[in-house]
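These notes concern the structure reproduced below.
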2 protein chains.
Amino acid sequence: MSQSAASAPNPLLQLENQLCFPLYAVSRLVTKAYQPLLEELELTYPQYLVLLLLWEHGELSVKGLGEKLLLDSGTLTPLLKRLEQRGLVSRRRDARDERSVLIGLQPAGEVLRHKATCIPEALMAKFQLSPAEFEALRGQLNHLLNQLS
Amino acid sequence: MSQSAASAPNPLLQLENQLCFPLYAVSRLVTKAYQPLLEELELTYPQYLVLLLLWEHGELSVKGLGEKLLLDSGTLTPLLKRLEQRGLVSRRRDARDERSVLIGLQPAGEVLRHKATCIPEALMAKFQLSPAEFEALRGQLNHLLNQLS
DNA sequence: GCAAATTAAATTGTGAGCAATTAAATTTAT
DNA sequence: ATAAATTTAATTGCTCACAATTTAATTTGC
């Protein structure tokens, strides 16, 4: 009865029938697709996400960044310290609420923005998705994002 | 001209218009959705993926696991050593090719399979997606997975 | 048959992610 | 006014994830 190979396969337990695995794998592959582009800016993918937010919104607190990226200070604090050490962002306590730490862009961080403008389009090209496919996928992921967060 | 807030927004550089961010965020949220279920088995999510493959295929080499999960030995070796230490999997050199390490299930690892059968359905419930939505998303992610890998 | 090239794992070093805890500032309830 | 509760970051400890290198086994070309 019990052989060396797997017994009585439960189709629900098979990797290819699940949603979780392609999500996990695609997410990592997309990060890897960014890598050669981000390498030129010497940024990691989560560092790039932080800068995207700062370019868009200006100064943000650690809490604000965390709410938008769904990351906590345990992840953000060391990441932001690395960006600060490289002179890309500034960190200062909010005078109106000393608990908050406000993250701003230093000139070198502003300059990087120009180098980054071509990144989204370059990525789109790698995906090889039609605009309709792209929008459909984006919509479904955002729907699931709302479902889960 | 240059104000404290961000200047001349480039819509392509905005987080909400990109595919990458919801992918990254949903992937992490899905892993987190697994966590309370996997906690009962004392497994992390990537450890669970490894066991799914072993339950399905029986013995697999590190290379075989890596090909299916898109992970390399730098990630798998320490993970597999932890599973071995807990008595869930076995590791032995392939006699026919001493470069390969074959990963098999120990009895305790086989037993875990029964406890895991309910996990996929429990997850599906958390997603709150209709079967059609589920299949559409799975299809698009698998399409992108093929595009990128 | 043997040197060169290739392959498979392991190792090293860095940077996320995240749970849990700690410390300090602020808010609230009385 | 002040004690208790809450909020915000930082810290600690653990596990991925992955690039780059190393070591050993196998395959290939000659």
Side-chain angles (χ1 to χ4, degrees), chain A residues 20-21 24-36 38-39 41-51 60-67 69-86 88-89 91-103 149, chain B residues 20-21 24-36 38-39 41-51 60-86 89 91-103 149:
Chain A
C20 64
F21 175 67
Y24 162 80
V26 167
S27 175
R28 285 187 297 120
L29 286 171
V30 166
T31 301
K32 241 183 258 188
Y34 271 95
Q35 217 244 316
L38 293 178
E39 206 164 48
L41 314 186
E42 291 181 282
L43 291 176
T44 65
Y45 178 66
Q47 288 169 3
Y48 169 70
L49 293 180
V50 165
L51 289 179
L60 281 172
S61 66
V62 173
K63 179 184 163 63
L65 286 169
E67 281 173 353
L69 296 175
L70 308 183
L71 293 171
D72 69 8
S73 67
T75 300
L76 287 172
T77 296
L79 185 158
L80 293 168
K81 282 183 176 173
R82 282 189 280 272
L83 292 179
E84 184 188 33
Q85 276 205 312
R86 288 183 47 203
L88 299 179
V89 309
R91 285 157 24 91
R92 64 181 181 90
R93 290 278 165 183
D94 184 341
R96 283 167 308 181
D97 183 344
E98 290 280 343
R99 291 172 303 182
S100 277
V101 169
L102 297 175
I103 309 300
S149 68
Chain B
C20 66
F21 175 67
Y24 163 80
V26 168
S27 175
R28 285 187 297 118
L29 286 171
V30 167
T31 301
K32 241 183 258 187
Y34 272 95
Q35 217 242 317
L38 293 177
E39 206 164 48
L41 314 186
E42 291 180 283
L43 292 176
T44 65
Y45 178 65
Q47 288 170 358
Y48 169 70
L49 293 180
V50 165
L51 289 179
L60 281 172
S61 65
V62 172
K63 179 183 162 61
L65 286 168
E67 282 173 354
K68 289 177 189 300
L69 296 175
L70 308 183
L71 292 171
D72 68 10
S73 67
T75 300
L76 286 172
T77 295
L79 185 158
L80 293 168
K81 282 183 177 174
R82 283 188 281 272
L83 291 179
E84 184 188 32
Q85 275 205 312
R86 287 182 46 201
V89 309
R91 284 157 25 92
R92 64 183 181 90
R93 290 278 165 184
D94 184 341
R96 285 167 308 182
D97 184 342
E98 291 279 343
R99 291 171 303 181
S100 277
V101 169
L102 297 175
I103 309 299
S149 68

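Reminder, nothing fancy here: chain letters follow the sequence lines and each chain counts from 1.
- Put simply, OG on A/Ser27 and CZ on B/Phe21 are 10.5 Å apart, with the number rounded to the nearest 0.5 Å.
- Shortest non-hydrogen contact noted between A/Val89 and A/Leu80 is CG2-O, 3.9 Å.
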Atom pairs under 3.5 Å, N or O on each side, protein against nucleotides 6-9 of chain C: can you list them with distances?
{"residue": "C/dT7", "atom": "O2", "partner": "B/Arg99", "partner atom": "NH1", "Å": "3.2"}
{"residue": "C/dA8", "atom": "OP2", "partner": "B/Lys63", "partner atom": "NZ", "Å": "3.0"}
{"residue": "C/dA8", "atom": "O3'", "partner": "B/Arg99", "partner atom": "O", "Å": "3.4"}
{"residue": "C/dA9", "atom": "OP1", "partner": "B/Val62", "partner atom": "N", "Å": "3.3"}
{"residue": "C/dA9", "atom": "OP1", "partner": "B/Lys63", "partner atom": "N", "Å": "3.3"}
{"residue": "C/dA9", "atom": "OP1", "partner": "B/Val101", "partner atom": "N", "Å": "3.2"}
{"residue": "C/dA9", "atom": "OP2", "partner": "B/Lys63", "partner atom": "N", "Å": "2.8"}

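- With DNA chain D read from its 5' end, the first of the two nearest nucleotides for A/Leu80 and A/Glu39 is the one closest to A/Leu80.
- Between A/Leu43 atom CG and C/dT14 atom C1' the separation is 15 Å, expressed in whole Å.
- Between the CG atom of A/Leu70 and the C1' atom of C/dA16 there is a distance of 15 Å, rounded to whole Å.
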task = Give the intermediate values and the outcome of side chain to side chain contact (heavy atoms under 4.5 Å, CB included) for residues A/Leu38 and A/Thr44.
result = CA-CA 7 Å; A/Leu38 293 178; A/Thr44 65; over 6 Å; no
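- Note: CG (A/Asp72) to C1' (C/dA16) measures 11 Å, nearest angstrom.
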query = Should A/Val50 and A/Leu79 be marked as a side chain to side chain contact (heavy atoms under 4.5 Å, CB included) after you check the CA-CA gap, both sets of side-chain angles, and the distance that decides it?
reply = CA-CA 9 Å; A/Val50 165; A/Leu79 185 158; 3.9 Å; yes
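- Residue A/Leu76 is classed as having no contact, given no heavy-atom separation below 4.0 Å to the nucleic acid.
- The side chain of B/Tyr24 places an N or O atom within less than 4.0 Å of a non-bridging phosphate oxygen (OP1 or OP2) of C/dG17.
- Atom CG in B/Leu29 sits about 13 Å away from atom P in C/dG17, given to the nearest Å.
- Extent of DNA chain D lying under 4.0 Å from chain B heavy atoms, first and last nucleotide in 5' to 3' order, is D/dT15 to D/dT26.
- Among the heavy atoms of the strands lying under 4.0 Å from B/Thr75 is at least one base atom, whether or not backbone atoms are also near.
- Rounding to whole angstrom units, CG of residue A/Leu49 and C1' of C/dG17 are separated by 13 Å.
- Looking at A/Leu83, A/Leu102, A/Ile103 one by one, the single match for side-chain contact (heavy atoms from CB on, under 4.5 Å) with A/Arg91 turns out to be A/Ile103.
- Shown here are the side-chain contact (heavy atoms from CB on, under 4.5 Å) partners of A/Gln35, two or more places apart in sequence or in another chain: A/Glu39.
- Mapping A/Asp94 and A/Leu79 onto DNA chain C by nearest heavy atom places A/Leu79 closer to the 5' end of the strand.
- Put simply, CZ on A/Arg96 is 12 Å from P on C/dT27, counting in whole angstrom units.
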request  = Take A/Leu88 and A/Leu43 through the test side chain to side chain contact (heavy atoms under 4.5 Å, CB included) and record every step on the way to the result.
outcome  = CA-CA 11 Å; A/Leu88 299 179; A/Leu43 291 176; 4.0 Å; yes
key: Stepwise side chain to side chain contact (heavy atoms under 4.5 Å, CB included) test for B/Tyr24 and A/Leu49   = CA-CA 10 Å; B/Tyr24 163 80; A/Leu49 293 180; 3.5 Å; yes
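- Across the protein-nucleic acid pair, B/Arg28 atom CZ and C/dG15 atom P stand 19 Å apart, rounded to whole Å.
- Atom CG of residue A/Leu76 and atom CG of residue A/Leu69 lie 6.5 Å apart, to the nearest 0.5 angstrom.
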